[in-house]
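In what follows, a single structure is set out as structure tokens and then discussed.
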Amino acid sequence: EKAVVSFTEEQVQTIHRFQAEKRMRLVKLDPVEVGHVRLMELEPGKFFYVKTAATNPGIFLIPDFLSHEECERIKSLAIKAGMRVSRTIYKLHFQEGMNDTFYNKETFEAFDKNGDSFLNMSEAQPALSKIEGVSSLTHSLFACLLDDILDADSDRWLNLLEFQRIPLVMKNVEKWMLKYKGGITDPYELKRRAKGLDRNSKQTWLSRQTYDESQTITNRVIALTGLHPDIVKTSEQLQVVHYTPGGHYHSHHDSSDIYNYSCSHTRHLFPSDPKSHLREDRLCRFMTILYFLADTEQGGETAFPAADNATFSTTIYLKNNTWIDPSDLTNHCKDANLVVKPRKGTAVMWYNHYLDPETEWLGDKNLFSLHGGCDVIKGEKWIANNWITVDNNYDVQMKFHYQQLYELKETKTEEVETTLQENEKTDQEIRSPEIIETIRDEL
Ligand SMILES: O=C(O)CCC(=O)C(=O)O
Ligand SMILES: [Fe+2]
């Protein structure tokens, strides 16, 4: 059941008193300058080197932040939980217009030959043959149609909601067919597509209870960041990611721009908001602390294309007759301003947002925090993302702390439920990279 929260007057008073006594601030570690090294005691008697790798945003490297045993333990817990294909953040919900006589559950099930609740590439094409021209699309063009319009969460398959949504996006599909059914010739388009899937990895989520029951890692993070413990303790679960050769995550921001609707992590505090279930996720991630859980034989670097750059742009440009897409980490990893090689135990920490100079609370997203994972070439890559979430609305974040830490100790929050459901999904194979190869051949 969804956690519905209404605060009694007494609870509100407690929250306010707490705030008045000790108004929390967000703090940042001063980067000083690139190459600056500080020695920090992050555990009683244990010192760690914290090295500045960039100043805008502040990006820090902390070698041996996790011990080899901790890395191994997190990996084996992740494997036990089950690794699933990574999705991007767009989530669909059943809505008006998704009750078509053809694009419905029965039809979906009839086309889902292997019964795994997803239509893979070869199941999806016949299922969409009612749309004129779709059956004669080449394999790679059909993959483009999926990527562009139909596969909303970018997991490379159609799920029931995406199938039911087809009538709502039919106009776009028709326009797409008019433009592309004969092939893609625009060099800009070809360049964009040759970089392949935005994200090509498997992942799972681990609760703090599971991977850090003794709170040693959490306490280390509190000492490193200087943040109030409540912020660190109520942050997202740990996302463990595994890449194999060809795996990557093209440049992106971990956090969303600030809008005046609620953050994903606090949305359940607004059960009466009639639109809340229709909105895509808005991720409010003040910081990222990324752990390398293994060495990677070749490739798999974490790249920051815009770190410490004078200006920000992700526009594709023409250089010596070739199109350069700076966000394409498959082809332009080495062009990034900062490239960090995976090293077991090292933590990479950076700030996705500015601080609001007036409130000292969450400010605008810092575009220069753009980053991603380059292609693994040889071996494998294991990382874990520890995202520090903060609602830009201070009062909402305080209510969230109260609810998470004092009130709902034994109640699962919405976020935890989503995570558990995700972990329970049936396993899937990653879509073969052949499609990308075909597009590259067409270049
Ligand atoms: O794999 C990497 O190095 C970066 C991963 C990343 O940016 C993410 O998971 O958000
Ligand atoms: Fe990221």
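Heads up: numbering here begins at 1 and tracks the sequence. One-based numbering, in listed order, for ligands and for the atoms of each.
At least one heavy atom of H252 sits closer than 4.0 Å to an atom of ligand 1. Residue-ligand proximity: H248 is placed with every non-hydrogen atom at 4.0 Å or more from ligand 1. In this structure, V241 does not count as a contact residue of ligand 1, since none of its heavy atoms falls inside 4.0 Å of the ligand. Not a single heavy atom of V340 sits under 4.0 Å from any atom of ligand 1.
Taking backbone and side-chain atoms together, H253 has no N/O/S atom less than 2.8 Å away from the Fe ion (ligand 2).
With 3.5 Å as the limit, one finds no donor-acceptor pair spanning the side chains of N56 and D308. With 3.5 Å as the limit, one finds no donor-acceptor pair spanning the side chains of D325 and N331. For Q125 and H139, the side-chain atoms include no donor-acceptor pair closer than 3.5 Å.
At the shortest separation from atom 9 (O) of ligand 1 among protein heavy atoms lies N385 ND2, 2.9 Å. Scanning all protein heavy atoms for the shortest distance to atom 1 (O) of ligand 1 gives Y243 OH, 2.6 Å. Scanning the protein for heavy atoms near atom 2 (C) of ligand 1, the closest one is K381 NZ, 3.2 Å.
Relative to the ring axis of F292, K344 does not place its NZ or CZ within 45° and under 6.0 Å from the centre. A cation-pi contact, defined as under 6.0 Å to the ring centre and within 45° of the axis, links R193 to Y180.
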I would like to know whether E123 and K113 meet salt bridge (charged side-chain N to carboxylate O under 4.0 Å, His left out); could you show each step before the answer? CA-CA 7 Å; E123 291 166 337; K113 295 279 183 252; over 6 Å; no
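On a distance-only criterion, E301 and ligand 1 share no N/O pair closer than 3.5 Å. The distance criterion of under 3.5 Å between nitrogen or oxygen atoms is not met by Y249 with respect to ligand 1.
In summary, the atoms of ligand 1 found under 4.0 Å from a heavy atom of L290, numbered by their order in the structure, are 4 (C). Near T302, with a cut-off below 4.0 Å to any heavy atom, the atoms of ligand 1 are 2 (C), 3 (O). Each of the following atoms of ligand 1 lies closer than 4.0 Å to a heavy atom of I383: 1 (O), 2 (C), 5 (C). Atoms of ligand 1 found under 4.0 Å from any heavy atom of G373, numbered from 1 in the order shown, are 1 (O), 2 (C), 3 (O), 4 (C). Which parts of ligand 1 touch W387 is read off a 4.0 Å heavy-atom cut-off, strictly below it: atoms 10 (O).
Between the side chain of H371 and the main chain of S369, a donor-acceptor pair closer than 3.5 Å is present.
The aromatic rings of F65 and F48 sit tilted relative to each other, their planes meeting at an angle between 30° and 60°. Using the six-membered ring where Trp is involved, W387 and W205 have ring planes that are tilted, between 30° and 60° apart. Note on ring orientation: taking the six-membered ring where Trp is involved, the planes of F368 and F312 are perpendicular (angle over 60°, cut-offs 30° and 60°).
Distances from the Fe ion (ligand 2) to each N, O or S atom of D254 single out OD1 as the nearest. The N, O or S atom of H371 with the smallest distance to the Fe ion (ligand 2) is NE2.
Contacts between D254 and ligand 1 below 4.0 angstrom, taking non-hydrogen atoms only, involve the side chain exclusively.
Aromatic ring centres of H353 and F286 lie farther apart than the 6.0 Å criterion allows.
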